[in-house]
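Written out below as structure tokens is the structure these notes cover.
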Amino acid sequence: ASYLVASVSRTGSEVGKRKFRRFLKGASSSDSSDLFEVRAVPTPTRSTNRSFSIPQPDHTALHERHIEAIPKSDLQTKEVVFYGPGDSIRFKVSAGKGEPITVDVLDPLVYLANGPLHGRFDASLIDLSLPVASSSGGGHEPLPYWPNYYDCSAVQRGDYLNWLQNGRKAPDVEFGFVFIYFYGLERRVLIDRADYIPVGNEVMRLLLVYGKSNSFRRYGTSLLWMSLYLASKAGELPNKVLSDAIKVTTTWTDETLGI
């Protein structure tokens, strides 16, 4: 039998180790008690963990697509298209009476629609028929607790798209924008059942930037481990991704493991 050895950086975390073992046992239909060995290692200080980073996608190993999406043009197949790892998209959005705003996003991991869907499909859907405006440094009204792209004001949409095209890493961005983007990642894994590893890596990157939010850390960690669980069932879970996920996970509970 082959062994996958993972280290959990938690001193005396016997409960966490048992939950972790129980979670991963679901990855195989056979008895997997010998498949995973979980070891406890000395807990590093929080300052040491800050140097940990998730590798960015290796574009040299991907055939990069460049998509020009123009409002009201024909979609490739359906009303909604998902643009994922290795994609580079450029789309234009209406700015009212002014010139359309051009947005460029690399490795977007977003759903895009060229026609009005009136808030249907998903809270993260970028509907190109909706107007966008620049905040010009003036700010905007705060987002609601359950934000979605369709209900955002034109200025809020402009700020969200600006966050997207600037790498989704601004530490002081309003958390509602992070959640709008996150809803699309959830849909990709839980409904489409696709891109488990790219989504897992992206969630780990987001946790390193926005993990200070207890709410996002809870939801993000749960989606991370569900992504890895589904990837393991599909036979596509690299050891390094599992190791990275263990490092970025700060709380081991049934909730954070998606149990």
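Throughout, residue positions are numbered sequentially from 1 according to the sequence presented. None of the values given here were measured: they were computed from a predicted structure.
- Contact of the L161 side chain with the V93 side chain is registered, since non-hydrogen atoms from C-beta on lie closer than 4.5 Å.
- Looking at Y150 and L130, their side chains come closer than 4.5 Å, going by heavy atoms from C-beta outward.
- Listed for the Y111 side chain is no donor-acceptor partner under 3.5 Å among the backbone atoms of D127.
- Using a 4.5 Å heavy-atom cutoff, the side chains of F91 and I126 are in contact.
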Next on the checklist: Between Y160 and V173, does the side chain to side chain contact (heavy atoms under 4.5 Å, CB included) criterion hold? Intermediate values first, please.
Outcome noted: CA-CA 9 Å; Y160 174 66; V173 72; over 6 Å; no
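- Contact annotation: the side chain of Y229 never approaches that of L257 to less than 4.5 Å [non-hydrogen atoms, C-beta and beyond].
- Counting only heavy atoms from C-beta outward, the side chains of K212 and F175 approach each other to under 4.5 Å.
- By the 4.5 Å heavy-atom criterion applied to side chains, V178 and V209 are not counted as neighbours.
- By the ring pair (Phe, Tyr, Trp, His ring centres under 6.0 Å) test, Y196 is found to be paired with no residue, residues two or more places apart in sequence or in another chain being considered.
- The shortest distance between side-chain heavy atoms of W252 and T221 does not fall below 4.5 Å.
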Checklist entry - Can you check side chain to side chain contact (heavy atoms under 4.5 Å, CB included) on L164 and V103, steps first, answer last? => result CA-CA 9 Å; L164 281 182; V103 181; 5.8 Å; no
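- Remark: R188 engages D192, D195 in a salt bridge (Lys or Arg N to Asp or Glu O under 4.0 Å) (not counting sequence neighbours).
- L230 contributes atom CG, which lies 9.5 Å from atom CD of E236 (distance to the nearest 0.5 angstrom).
- Partners of F216 under the ring pair (Phe, Tyr, Trp, His ring centres under 6.0 Å) rule, at least two apart in sequence or in another chain, are F179, F182.
- A donor-acceptor contact shorter than 3.5 Å links the side chain of R157 to the backbone of Y149.
- For S124, the side chain to side chain donor-acceptor pair (under 3.5 Å) partners at least two apart in sequence or on another chain are D122.
- Considering only residues two or more places apart in sequence or on other chains, Y183 meets the ring pair (Phe, Tyr, Trp, His ring centres under 6.0 Å) condition with none of them.
- Between V203 and L207, some side-chain heavy-atom pair lies under the 4.5 Å cut-off.
- The hydrophobic clustering, which links ILVMFWY residues whose side-chain heavy atoms are closer than 4.5 Å, places W146 and I191 apart.
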Next on the checklist: Go through it in stages, so that I can follow the logic: the residues are V105 and Y83, the test is side chain to side chain contact (heavy atoms under 4.5 Å, CB included), and I'd like the CA-CA distance, side-chain angles, deciding distance and then a yes or no.
Outcome noted: CA-CA 10 Å; V105 185; Y83 296 103; over 6 Å; no
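- A donor-acceptor pair under 3.5 Å is absent between the side-chain atoms of D87 and the main chain of D107, judged by distance alone.
- Under a cutoff of 6.0 Å and an axis angle of 45°, R187 and F121 form a cation-pi pair.
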Checklist entry - Given the rule in the side chain to side chain contact (heavy atoms under 4.5 Å, CB included) test, do C152 and L143 qualify, once you have shown the distances and angles that lead to the verdict? => result CA-CA 8 Å; C152 284; L143 293 166; 3.7 Å; yes
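- T256 places a side-chain N or O within 3.5 Å of a backbone atom of T251 that can act as its donor or acceptor partner.
- Not a single salt bridge (Lys or Arg N to Asp or Glu O under 4.0 Å) links R217 to another residue, sequence neighbours left out.
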